[in-house]
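To start, the structure under review is shown below, and the notes come after it.
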Amino acid sequence: MYSYMKGELVEIVEDKVVIEVNNIGYNIYIPTSMIDNFNQIGQTVKIYTYLYIKEDMMKLYGFLTKDDLNIFKLLLGVNGIGPKGALAILAVMTPDDLRFAVLGEDEKAIAKAPGIGTKTAKRLILELKDKLKLEDAFERKMEHVETEQANAMGVKSEAIQALIALGYSSTEALKAVNRVEITADITVEELLKAALKQMAFPF
């Protein structure tokens, strides 16, 4: 029914967020691992959604990427795993981690999810191993790595240009930026401040 929702984040409550779209607030249940991605009330967010309907229950589940959503749907197809169990698995494992765990028949890794025992983990592996390919797992993993590397390079480039604009030479700017540990979520401003600190710049 819904492919995704894009609207204003108005509330964060443990395992769900409230998104306002066209003056309607939607309760969307998400993996707890996603909570850190919603850090500013009022920000515009896009969430890929799945509407789960069973008897007298109707709930929306949301994910940051289509890949997360597709893995959630696969998990729902496993006998004995409902939305709560699927969210629990995605709260402790990324889609890539789950692919490698299934293909490597690592039931212990899957059983670490709350409410998922070894028996259920083995059933999950049995039912999903033919639906997942090792080539896809490596391909998606490399796509994520390449995206992170590209983002890091973009941030580094902007920080270097900013330092050059402040009067530093390109060599000084490059050395200062390279001394800073680059994380996946570092911003240009954070990198710039750290680089300036490396150069003992008073700010």
Side-chain angles (χ1 to χ4, degrees), residues 4-21 28-49 62-72 87 89-101 104 106 109 112-113 134-203:
Y4 66 85
M5 288 192 175
K6 187 174 183 179
E8 180 183 349
L9 175 66
V10 297
E11 190 176 2
I12 304 172
V13 185
E14 295 181 355
D15 60 344
K16 70 178 180 181
V17 293
V18 179
I19 307 298
E20 183 176 321
V21 182
I28 303 177
Y29 292 84
I30 62 175
T32 54
S33 58
M34 275 178 52
I35 290 292
D36 290 341
N37 292 281
F38 301 98
N39 51 24
Q40 185 177 346
I41 298 298
Q43 70 180 120
T44 298
V45 297
K46 180 179 180 179
I47 300 180
Y48 293 92
T49 54
F63 307 90
L64 290 177
T65 69
K66 287 183 178 179
D67 191 27
D68 292 326
L69 175 59
N70 290 335
I71 290 295
F72 178 75
L87 283 188
I89 292 172
L90 290 174
V92 298
M93 306 183 78
T94 66
D96 287 333
D97 292 336
L98 181 61
R99 286 188 183 92
F100 283 109
D106 186 359
K112 290 179 181 179
L134 188 60
E135 293 83 358
D136 291 341
F138 277 113
E139 183 178 337
R140 290 183 184 277
K141 188 70 173 179
M142 288 307 299
E143 285 177 358
H144 293 164
V145 170
E146 289 171 2
T147 298
E148 290 177 1
Q149 291 176 340
N151 290 341
M153 287 302 296
V155 170
K156 287 179 68 173
S157 178
E158 288 188 45
I160 290 171
Q161 292 299 320
L163 288 172
I164 293 174
L166 288 173
Y168 293 96
S169 69
S170 57
T171 301
E172 291 173 326
L174 181 60
K175 285 183 178 179
V177 168
N178 283 339
R179 291 193 197 107
V180 179
E181 181 180 355
I182 308 295
T183 60
D185 58 350
I186 193 169
T187 65
V188 175
E189 182 180 3
E190 290 169 340
L191 177 54
L192 185 57
K193 286 182 178 180
L196 288 170
K197 184 177 287 188
Q198 289 285 348
M199 303 167 86
F201 185 88
F203 64 96

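The CG atom of D97 sits 10.0 Å away from the NZ atom of K112 when rounded to the nearest 0.5 Å. Separation of atoms CD1 (I47) and CD1 (I28) is listed at 4.5 Å; rounding is to 0.5 Å. Here the CG atom belonging to L166 is positioned 6.5 Å from the CG atom belonging to L192, to the nearest 0.5 angstrom. Between the CD1 atom in I89 and the CD1 atom in I71 there is a gap of 10.5 Å [rounded to 0.5 Å]. One finds the CD1 atom of I30 at 9.0 Å from the CG atom of L87 (value rounded to the nearest 0.5 Å). Atoms CD and OH, from E14 and Y29 in turn, are 10.5 Å apart once rounded to the nearest 0.5 Å.
Among residues two or more places apart in sequence or in another chain, the side chain to side chain donor-acceptor pair (under 3.5 Å) test is passed with E20 by none. For Q161, there are no side chain to side chain donor-acceptor pair (under 3.5 Å) partners two or more places apart in sequence or in a different chain. Partners of T187 according to the side chain to side chain donor-acceptor pair (under 3.5 Å) rule, which considers only residues two or more places apart in sequence or in another chain, are E190. Here F72 pairs with Y50, Y61, F63 under the ring pair (Phe, Tyr, Trp, His ring centres under 6.0 Å) rule; sequence neighbours left out. Among residues two or more places apart in sequence or in another chain, the side-chain contact (heavy atoms from CB on, under 4.5 Å) test is passed with K46 by Y4, K6, Y48. Partners of E158 under the salt bridge (Lys or Arg N to Asp or Glu O under 4.0 Å) rule, at least two apart in sequence or in another chain, do not exist in this structure. E8 pairs by the side-chain contact (heavy atoms from CB on, under 4.5 Å) definition with V10, not counting sequence neighbours. Residues meeting the side chain to side chain donor-acceptor pair (under 3.5 Å) test with T65, sequence neighbours left out: D68. Every residue meeting the side-chain contact (heavy atoms from CB on, under 4.5 Å) condition with I41, not counting sequence neighbours, appears here in chain and number order: L9, I12. With sequence neighbours left out, the side-chain contact (heavy atoms from CB on, under 4.5 Å) criterion links V92 to A113, P114.
Applying the 6.0 Å contact sphere to CD of Q43 captures more than 12 heavy atoms from other residues, nucleotides or ligands.
By the 4.5 Å heavy-atom criterion applied to side chains, E172 and L163 are not counted as neighbours.
Across all their heavy atoms, A195 and V180 have their closest contact at N-CG2, 3.7 Å. Between T32 and A91, the shortest heavy-atom distance links the atoms OG1-CB, 3.3 Å. In terms of heavy-atom proximity, M34 sits nearest to G62 at SD-O, 3.8 Å.
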Could you go through T94 and F100, starting from their C-alpha distance and side-chain angles, then the distance that decides it, and tell me whether this counts as side chain to side chain contact (heavy atoms under 4.5 Å, CB included)? CA-CA 10 Å; T94 66; F100 283 109; over 6 Å; no
